[in-house]
Amino acid sequence: MNTIRTILITGGAGFIGSHVVRRFVGRYPEYLIVNADKLTYAGNLENLTDIEKKNNYRFEKIDIVEKQSVLDLFEKYNFDGIIHLAAESHVDRSITGPDEFVFTNIVGTVNLLNAALKKWKDAFRGKLFYHISTDEVYGSLGKDGLFTEKTAYDPKSPYSASKASSDHMVRAYNHTFGVPAIISNCSNNYGPNQFPEKLIPLAINNIKNNKPIPVYGKGENIRDWLYVEDHVAAIDLIFHKGKTGETYNIGGNNEWKNLDLILLLCRIMDKKLNREEGTSEKLITYVKDRPGHDMRYAIDSSKLQKELGWSPIPDFADGLEKTVEWYLINTRWLERVLSGDYNKYYDLMYSHR
Ligand code: NAD
Ligand code: DAU
């Protein structure tokens, strides 16, 4: 193998990270792709069985909160680039237990920045620390307006506050120490391999099993949905063509009220499951609202579109249908995630290595 770049992808066993790893391993055989992941409840190596034997792929089980493990990883490999996705990512969990969000999202990011600075400080040329962040750092919108790259940070949940904090640290290391860095802030992703605690896969699973679909509050909150492969295409573009020191917003231009989204999902599921139209929506159940629930997110991604030529696939119903099909076909994936059996996969694959 003629390796021209060694790229660290953190959180590569998670939802978005696994799609990033697959794309980079497949498209760039001349890169060595190192996936570093702690394998928390959200990390699942079964997301990557199709590429795990490729010779430009390595997996390293590490916790980015452990400073020494991060330093050791940076000694083992000479990374040219880092795409940092590892994070605690679920808002509801950040409300019941904020500490892990502080450790992983803030301390873990700083550990990676310190390790990159230590290794790169004499020659920053050709190096890049690319930090994957969220639109939630901008807070909540009213009826009108969009988040731009210039919108002031106003995070409202422990999750978004921890991500905002990590964004600030990345910018500070870029400004103060010269670490070449880029940040992108993306809206809600959906698609295959998303852990069924997030709205869309949770609803698909509940509809399939005739269980209530929990809708927080009145279902009026609005999110801007983006198919995961569109996000990953943007990440690829920004990693290769983005300007150091810049921020790029990524969004689907696809705003949906939660209730309308659930109704669309119910219609798709009725068709796929050969149920009479209107059957699944009877499962909709209004439950207590999320504390501090942000009302509306919507992204202006015109900078990314104009400067780098990115655009999302426009048809949401299509993306949602593909997602539903994936969950209905991959029943074993879903069962193993729900039962916790996927946790055993690491021991099976790696304990003898
Ligand atoms: P996810 O929860 O599915 O995956 C997170 C991954 O990080 C898992 O594989 C987990 O094992 C790993 N991880 C967690 N703590 C770790 C630690 N201490 N050390 C090493 N690895 C650890 O998350 P996701 O939805 O794929 O999100 C990935 C990134 O994208 C996150 O940074 C998130 O903030 C950001 N993001 C997500 C969305 C979205 O809609 N899901 C939107 C915008 C931005
Ligand atoms: O905007 C980007 C963010 O999107 C990412 O940074 C986060 O990592 C990701 O989890 C997501 O955050 P949300 O809180 O928007 O996603 P979630 O799927 O948890 O919820 C979507 C909306 O649906 C939100 O308004 C809350 C609501 N909801 C959620 C669940 C799980 C329900 O009504 N019922 C539910 O059971």
Side-chain angles (χ1 to χ4, degrees), residues 9-21 35-45 47-48 60-66 69-70 73 83-95 100-101 103-105 107-109 111-112 131-138 140 147 155 157 159-160 162-163 166-167 184-191 193-203 206 212-226 228 231-232 235 250-252 256-259 261-262 284-290 293-299 346:
I9 299 179
T10 69
F15 165 46
I16 303 169
S18 60
H19 289 271
V20 178
V21 166
N35 170 13
D37 197 299
K38 178 182 174 185
L39 301 182
T40 66
Y41 78 95
N44 182 356
L45 284 178
N47 292 339
L48 291 167
E60 297 283 349
K61 186 173 191 291
I62 77 149
D63 182 348
I64 58 168
V65 178
E66 288 170 10
S69 312
V70 174
L73 184 74
I83 307 178
H84 175 37
L85 296 110
E88 286 294 333
S89 69
H90 192 37
V91 175
D92 291 325
R93 287 183 192 253
S94 83
I95 294 167
E100 279 308 312
F101 289 71
F103 297 139
T104 291
N105 299 1
V107 177
T109 301
N111 285 341
L112 289 163
H131 179 60
I132 306 300
S133 192
T134 170
D135 61 356
E136 300 199 11
V137 297
Y138 299 122
S140 180
F147 296 133
S157 72
Y159 164 68
S160 54
S162 69
K163 290 296 289 187
S166 65
D167 291 10
S184 59
N185 297 82
C186 189
S187 63
N188 286 63
N189 284 217
Y190 71 100
N193 305 95
Q194 188 168 32
F195 196 85
E197 63 186 354
K198 307 279 165 60
L199 179 66
I200 290 180
L202 182 140
N206 285 15
I213 312 164
V215 172
Y216 296 170
K218 293 181 181 155
E220 285 175 345
N221 303 66
I222 293 171
R223 297 292 182 265
D224 175 358
W225 293 95
L226 181 69
V228 63
H231 185 189
V232 171
I235 289 174
I250 312 171
W256 283 78
K257 242 187 218 174
N258 289 342
L259 186 58
L261 159 59
I262 295 295
I284 290 174
T285 309
Y286 294 94
V287 299
K288 194 165 165 277
D289 209 352
R290 172 185 281 173
H293 198 172
D294 287 340
M295 182 45 83
R296 175 173 165 254
Y297 306 143
I299 279 274
Y346 175 79

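Counting starts at 1 for both ligands and their atoms, in listed order. All values below were derived from every heavy atom in this structure, side-chain atoms included, with hydrogens, water molecules and symmetry-related copies excluded.
- For ligand 2, the protein residues placed under 4.0 Å by at least one non-hydrogen atom are S89, H90, V91, T134, D135, E136, Y159, C186, S187, N188, E197, K198, L199, L202, P214, V215, Y216, N221, R223, N258, R290, H293, Y297.
- At a threshold of 4.5 Å between non-hydrogen side-chain atoms, the residues K38 and K61 do not count as touching.
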- Message: Show, in sequence, the C-alpha distance, side-chain angles and deciding distance for Y41 and F195, and conclude whether the ring pair (Phe, Tyr, Trp, His ring centres under 6.0 Å) test is met.
- Response: CA-CA 9 Å; Y41 78 95; F195 196 85; 5.0 Å; yes
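- Looking only at atom types and distance, the side chain of D167 has a donor-acceptor partner in the side chain of N185 under 3.5 Å away.
- At least one side-chain heavy atom of L226 sits less than 4.5 Å from a side-chain heavy atom of C186.
- Around ligand 1 you find G11, A13, G14, F15, I16, D37, K38, L39, T40, A42, G43, I62, D63, I64, V65, L85, A86, A87, S89, T104, I132, S133, T134, Y159, K163, C186, S187, N188, N189, each with a heavy-atom distance below 4.0 Å.
- Taking the six-membered ring where the residue is Trp, F147 and Y297 present tilted rings, their angle falling between 30° and 60°.
- Side-chain contact check for S89 and K163: no donor-acceptor pair (N or O, by modelled atom type) lies under 3.5 Å.
- Among the candidates I132, V232, V228, the single residue satisfying the side chain to side chain contact (heavy atoms under 4.5 Å, CB included) test with V20 is V232.
- Side-chain contact between D294 and N221: absent, with no pair of heavy atoms (C-beta onward) separated by less than 4.5 Å.
- Counted by atom type alone, D92 and Y216 present one or more donor-acceptor pairs between their side chains at under 3.5 Å.
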